[in-house]
Chemist: 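Please read through the structure below; I'll follow up with questions.
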Amino acid sequence: MSKALTDLLDLLDLEQIEENIFRGQSRTSLVPRVFGGQVAAQALVAAGRTVPGDRTAHSLHSYFLRTGDAGAPIVYSVDRIRDGRSFTTRRVVAVQHGQPIFHLSASFQTYEEGLDHQVSMPDAPDPETLPTAEEDLPAYRHLFQDEATVERLLESRAAVDLRYATTPPWGTIGEPVEPRSQVWFRTAGKLDGDDPLLHTCLATYVSDMTLLDSVLLAHGRGGWAVGDVVGASLDHAMWFHRPFRADEWLLYDQDSPTSQRGRGLGQARIWTRDGRLAVTVIQEGVVRVPRT
């Protein structure tokens, strides 16, 4: 297990400071604020720790309310909305400096048999045939805002082995293409145990890394690292369909049906390597062209 992955697991291991109240630390990312995937994952950890162990997360719906301060801890307050016979509902508010910065509602369900179908997995190259971030990113160094951007990008994603199956936004600058992006990802090392909450929270963390890439591709924009757009996540929703492991290859197939009025919508499906539909994700974010 890499040190970066160990650090990420420590980040998700929240401190319980009171019943229904947890505290999490933050770390800097590519942008000078708390990474949205971190807040969402930590909030789901907080919710999950108040739920019976026989219930797994099946959905979350969240809003990013304010910019998070990467230099300060985040307090997560869990409201036990409902404990039913099959479903459990939790609401979590993340607070910094006395103000809410993030709101999450999550639902958990006991296992039961039921009708089962899914659409077919899309075609994608094998992940082992694709370049790693360390092999791929330096080729685009000249496009980024400064020389240190490549190193900051690699550091921010060091806990995850993330490989683009399609050209990343910074590889198609000035050339609008089909608004679709594919990446394979897994944690940078094997995980101990089979705790479904941990694997779900890790997928939640990664899901915020590339989801709006497809919006950028539609307009030939390189992204935040290039500096030809500014933006932030507004809301984020996930549905967890089938079991998966975050330390095994997962295909993140993403597209954008629309962008307008300074907002872009990304939608995606996460597939296991053997073709099971594991997760559906939808996110809207601010995507603006910088004012000159």
Side-chain angles (χ1 to χ4, degrees), residues 29-33 35-37 64 67 121-127 129-157 160-185 205-237 250-271 280-292:
S29 61
L30 181 64
V31 291
R33 58 175 181 260
F35 171 51
F64 297 90
T67 299
M121 182 179 181
D123 293 331
D126 290 337
T129 67
L130 302 171
T132 65
E134 290 80 0
E135 295 167 338
D136 189 49
L137 273 172
Y140 299 102
R141 186 184 298 273
H142 63 288
L143 299 174
F144 297 135
Q145 295 187 69
D146 60 66
E147 288 291 311
T149 298
V150 168
E151 284 67 34
R152 291 203 303 270
L153 266 170
L154 291 174
E155 182 181 359
S156 68
R157 298 180 177 182
V160 181
D161 186 351
L162 189 150
R163 307 186 187 193
Y164 275 90
T166 54
T167 305
W170 47 80
T172 61
I173 294 176
E175 300 177 10
V177 296
E178 180 186 7
R180 186 182 181 193
S181 176
Q182 286 184 330
V183 297
W184 285 98
F185 73 88
Y205 177 87
V206 178
S207 69
D208 191 39
M209 286 184 174
T210 62
L211 187 50
L212 297 182
D213 280 3
S214 52
V215 177
L216 306 177
L217 290 167
H219 301 277
R221 297 282 168 171
W224 343 112
V226 173
D228 58 359
V229 294
V230 294
S233 303
L234 289 172
D235 55 19
H236 197 85
L250 297 167
L251 177 66
Y252 199 12
D253 187 66
Q254 306 151 93
D255 68 84
S256 175
T258 183
S259 63
Q260 68 294 307
R261 299 177 60 192
R263 307 190 316 274
L265 186 70
Q267 57 187 14
R269 291 166 174 160
I270 299 177
W271 303 83
T280 297
V281 191
I282 297 180
Q283 180 184 92
E284 189 172 49
V286 172
V287 183
R288 293 176 176 146
V289 177
R291 295 190 179 97
T292 57

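Please read all numbers here as calculations on a predicted model, not as lab measurements.
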Chemist: Run the side-chain hydrogen bond (donor to acceptor under 3.5 Å, both in side chains) test against Thr210 and tell me which residues pass, sequence neighbours left out.
Modeler: Gln254
Chemist: Ignoring hydrogens and angles, write down the donor-acceptor pairs under 3.5 Å from the side chains of residues 172-179, residues two or more places apart or on other chains.
Modeler:
residue, atom, partner, partner atom, Å
Thr172, OG1, Pro169, O, 3.4

Chemist: Can you tell me how far the OG atom of Ser207 sits from the CD1 atom of Ile282, to the nearest 0.5 Å?
Modeler: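 Reported value, rounded in 0.5 Å steps: 12.0 Å.
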Chemist: Applying salt bridge (Lys or Arg N to Asp or Glu O under 4.0 Å), which residue pairs with at least one partner in residues 160-170 are found, sequence neighbours left out?
Modeler: Asp161-Arg163, Asp161-Arg186
Chemist: Among residues at least two apart in sequence or on other chains, which ones pass side chain to side chain contact (heavy atoms under 4.5 Å, CB included) with Phe64?
Modeler: Phe102, Ser233, His236
Chemist: Roughly how far, to the nearest 0.5 Å, is the OG atom of Ser259 from the CG atom of Leu265?
Modeler: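 Separation between the atoms: 9.5 Å.
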Chemist: Mind running side-chain contact (heavy atoms from CB on, under 4.5 Å) on Leu211 and Tyr252 for me, showing each step along the way?
Modeler: CA-CA 9 Å; Leu211 187 50; Tyr252 199 12; 3.7 Å; yes
Chemist: If a pair satisfies salt bridge (Lys or Arg N to Asp or Glu O under 4.0 Å) and one of its residues is in residues 209-231, list it, with sequence neighbours excluded.
Modeler: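 Of all non-adjacent pairs touching residues 209-231, none passes salt bridge (Lys or Arg N to Asp or Glu O under 4.0 Å).
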Chemist: Quick one, Trp184 and Leu162 - any side-chain contact, counting heavy atoms below 4.5 Å?
Modeler: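 With C-beta onward as the side chain, the pair stays apart.
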Chemist: Between the main-chain N or O of Arg269 and the side-chain N or O of Thr280, is there a donor-acceptor pair closer than 3.5 Å?
Modeler: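 Not at all, since once roles are kept as given, no pair shorter than 3.5 Å links the two residues.
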Chemist: Do you know which of Gln182, Arg180, Gln267 makes side-chain hydrogen bond (donor to acceptor under 3.5 Å, both in side chains) with Asp255?
Modeler: Gln267
Chemist: Within the supplied structure, the quantity of interest is the number of heavy atoms (other residues, nucleotides, ligands) at a distance under 6.0 Å from Asp123 CG; does it exceed 12?
Modeler: no
Chemist: What verdict does the side-chain contact (heavy atoms from CB on, under 4.5 Å) test give for Trp170 and Leu137, after you've listed the backbone C-alpha separation in whole Å, the side-chain angles of each residue and the deciding distance to 0.1 Å?
Modeler: CA-CA 10 Å; Trp170 47 80; Leu137 273 172; 3.6 Å; yes
Chemist: Where is the tightest heavy-atom contact between Gly266 and Leu212, given as atom of each residue plus distance?
Modeler: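 Taking Gly266 first and Leu212 second, the nearest heavy atoms are N-CD2, 4.1 Å.
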Chemist: Heavy atoms only: give me the nearest Pro290-Gly227 pair and the separation to one decimal.
Modeler: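 Here Pro290 and Gly227 meet closest at CG-O, 3.6 Å.
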Chemist: Does the side chain of Tyr164 come within less than 4.5 Å of Ser181's, by heavy atoms?
Modeler: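 Ser181 vs Tyr164: side chains touch.
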Chemist: Please examine the side chains of Val160 and Met209, heavy atoms only from C-beta on, and report whether any two atoms are closer than 4.5 Å.
Modeler: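 Yes, side chains in contact.
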Chemist: Looking at Arg157 and Glu134, is any side-chain nitrogen of the basic one under 4.0 Å from a carboxylate oxygen of the acidic one?
Modeler: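 Arg157 and Glu134: not salt-bridged.
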Chemist: How close do Ala225 and Leu153 get, counting heavy atoms only, and between which atoms?
Modeler: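 The pair with the smallest heavy-atom distance is CB-CD1, 4.2 Å.
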Chemist: Scan residues 281-292 for pairs that pass salt bridge (Lys or Arg N to Asp or Glu O under 4.0 Å), counting only residues two or more places apart or in two chains.
Modeler: Arg263-Glu284
Chemist: Check the pair Trp224, Val230 against side-chain contact (heavy atoms from CB on, under 4.5 Å), reporting the backbone distance first and the verdict last.
Modeler: CA-CA 6 Å; Trp224 343 112; Val230 294; 5.8 Å; no
